[in-house]
J.: 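Shown below is the structure under consideration.
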Protein chains: 2
Amino acid sequence: MWLVENAVAIAREPLKHVQVREYVRDLVSDAEPGTPAPSERELVQVFGVARMTVRQAMDTLVAEGLLERIPGRGTFVAKPRNEVGRLLSYTGEMQRRGLHAESQTILARREQAGPGVARALELTEGDAVIHWKRLRRADGQPMCVEDAYLNEVLLPGFLQSGMPTSLYQALAMRGLRPTWAEDSITADVPTAEEAQSLEIALGTPVLRVARRAVADDRVVEVSRSVYRSDRFTLYVQLGDS
Amino acid sequence: MWLVENAVAIAREPLKHVQVREYVRDLVSDAEPGTPAPSERELVQVFGVARMTVRQAMDTLVAEGLLERIPGRGTFVAKPRNEVGRLLSYTGEMQRRGLHAESQTILARREQAGPGVARALELTEGDAVIHWKRLRRADGQPMCVEDAYLNEVLLPGFLQSGMPTSLYQALAMRGLRPTWAEDSITADVPTAEEAQSLEIALGTPVLRVARRAVADDRVVEVSRSVYRSDRFTLYVQLGDS
DNA sequence: TAGTGGTCTAGACCACTAT
DNA sequence: TAGTGGTCTAGACCACTAG
């Protein structure tokens with residue numbers, strides 16, 4: 001099964017341009033717009049790779065809008081496009097709102113995909129999936145309960161490797177940063193269990209968001225989240241064409 | 001002035017990757033999705049350039065969504081993009097769901113913009129706006145109450161000209177088809193009046209959608225809609241960058 | 001087995017910016 | 001003048017697809 005071999009290889013020694021890309025992404029993630037990124041030749045030295053490899057890494061970050069190249073001057077942190085409707089992790093969403101995000105794992109284990117999850121993840125029923133359920137907090141208060149299923153084949157050793165704080169960051173390290181997602185959104189009332197976790201009264205309206213996240217044309221995550229409507233408003237942008 | 005020299009140079013002998021790119025774009029522009037594009041090595045032969053140069057050209061076309069690469073097989077004309085997350089009118093939304101849309105005007109009059117509406121429409125308080133409130137039905141049953149404010153300056157004679165069925169169609173007739181919108185979405189319970197219009201019980205969760213719709217860089221519509229959550233799920237697509 | 005795209009190397013010259 | 005990004009070369013090996 002080549003997929004397994006390949007996944008292991010990726011886990012052990014990621015593609016060089018991915019290594020460089022994620023290294024720079026980390027460096028840059030907390031930086032102010034306008035901060036210079038390492039120059040391409042500097043990264044060539046640090047990683048001992050060819051310049052074209054560095055450029056491949058930087059090309060991606062530039063395409064993402066994270067960096068901006070100015071010929072003759074260098075590469076700099078771009079000012080974030082204030083695009084609502086961008087695909088962000090929970091942590092990213094909360095940061096955009098100026099809130100501190102925390103998570104508390106309720107459940108994390110390997111399971112066999114049921115029919116619904118298998119279809120959503122484009123797997124076969126009974127295939128291994130990772131079931132990860134978390135209570136998400138913002139500034140210390142309950143915000144959301146997220147119930148996620150991940151394609152286990154794409155994330156070997158995920159449960160053993162120590163659970164990361166940010167799922168999207170963990171995916172990015174494996175070259176599986178979600179590039180787009182489909183959400184379906186509805187209003188509902190919480191179950192008794194959800195109401196208890198979210199510390200709200202039964203009958204309080206909540207926002208349910210079902211997500212399919214895709215990276216590299218593969219469905220990596222499907223999740224159902226339930227948000228406290230008194231603390232959370234969802235912002236989306238609709239394009240034309 | 002280098003710019004002129006450079007432009008002339010470009011006019012005479014464009015950058016190689018641009019030559020290749022435009023050559024392929026022409027080849028492909030009228031082709032059916034799935035049609036194979038020339039292979040990279042083939043283009044290397046034809047243009048007498050290095051493969052990295054060809055890849056630079058193809059990278060652009062792939063990023064544009066014009067081409068699709070399939071490892072081991074080749075490069076092909078991509079099928080045009082998705083539908084979800086597109087900006088649609090209420091009528092369009094319902095059509096996509098296979099439902100018949102109807103509207104019933106509750107209120108339609110000229111008003112002076114209050115502070116909130118003025119800010120949202122990028123007007124000055126007291127400017128003339130059109131206030132249009134409608135009950136929206138789908139297959140005969142209440143679906144949504146929409147409360148919209150329109151910039152009156154952009155729609156002269158709108159109220160006198162006989163109310164159209166589709167707002168977006170009316171806007172399109174004036175060259176103001178919304179190309180872009182920002183929605184904020186939350187869960188709530190209906191007011192007594194909303195519950196009566198929607199024919200639902202008090203306390204039933206509803207989806208509230210606030211929209212700012214932009215056409216030609218001008219805000220043409222701001223609205224608040226309240227949807228029956230038992231009949232309506234909102235679908236959105238989130239892109240990356 | 002021949003062909004494809006994916007990755008990578010170790011250089012090179014250019015036009016530009018900043019000092 | 002030193003440094004940067006933009007472009008380009010002429011190869012290479014890999015994993016995969018298809019006949």
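Below, chains carry the letters A, B, ... as their sequence lines are ordered, and counting in each starts from 1.
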J.: Let's test your reading of the pairing rules: Watson-Crick or G-U wobble, both distances under 3.5 Å, then write DNA chain C as a dot-bracket string with ( ), [ ], | and dots.
T.: ||||||||||||||||||.

J.: Thinking salt bridges, do A:Arg109 and A:Glu152 make one under a 4.0 Å N-O criterion?
T.: no

J.: Is it the case that atom CZ in A:Arg51 sees more than 12 heavy atoms from other parts of the structure closer than 6.0 Å?
T.: yes

J.: When the distance from CG of A:Leu43 to C1' of D:dT4 is rounded to whole Å, what number comes out?
T.: 13 Å

J.: Examine D:dA18: is either OP1 or OP2 under 4.0 Å from a nitrogen or oxygen in the side chain of B:Arg73? Give yes or no.
T.: yes

J.: Regarding A:Asp147 and A:Arg224, does a basic nitrogen lie under 4.0 Å from an acidic carboxylate oxygen?
T.: no

J.: Could you tell me whether A:Glu40 and A:Arg69 make a salt bridge, using a distance below 4.0 angstrom between a side-chain N and a carboxylate O?
T.: yes

J.: Would you please confirm or rule out a distance under 4.0 Å between OP1 or OP2 of C:dG3 and any side-chain N or O of B:Ser39?
T.: no

J.: Quick one: SG on A:Cys144 to CD on A:Glu93, what's the gap to the nearest 0.5 Å?
T.: 10.5 Å

J.: Donor-acceptor pair, distance only, cut-off 3.5 Å: does the side chain of B:Asp26 make one with the backbone of B:Tyr23?
T.: no

J.: Nearest-Å distance, CZ (B:Phe76) to C1' (C:dG3)?
T.: 12 Å

J.: Do the non-hydrogen side-chain atoms of A:Tyr90 and A:Met143 ever get within less than 4.5 Å of each other?
T.: yes

J.: Output one letter per nucleotide in nucleotides 6-13 of chain C: B when a protein non-hydrogen atom lies under 4.0 Å from the base, S when only the sugar-phosphate is that close, - when neither is.
T.: BBBBB-B-

J.: Any chance you could lay out the salt bridge (charged side-chain N to carboxylate O under 4.0 Å, His left out) test for A:Glu64 and A:Arg21, step after step, and finish with the verdict?
T.: CA-CA 11 Å; A:Glu64 286 177 14; A:Arg21 186 219 301 156; 5.4 Å; no

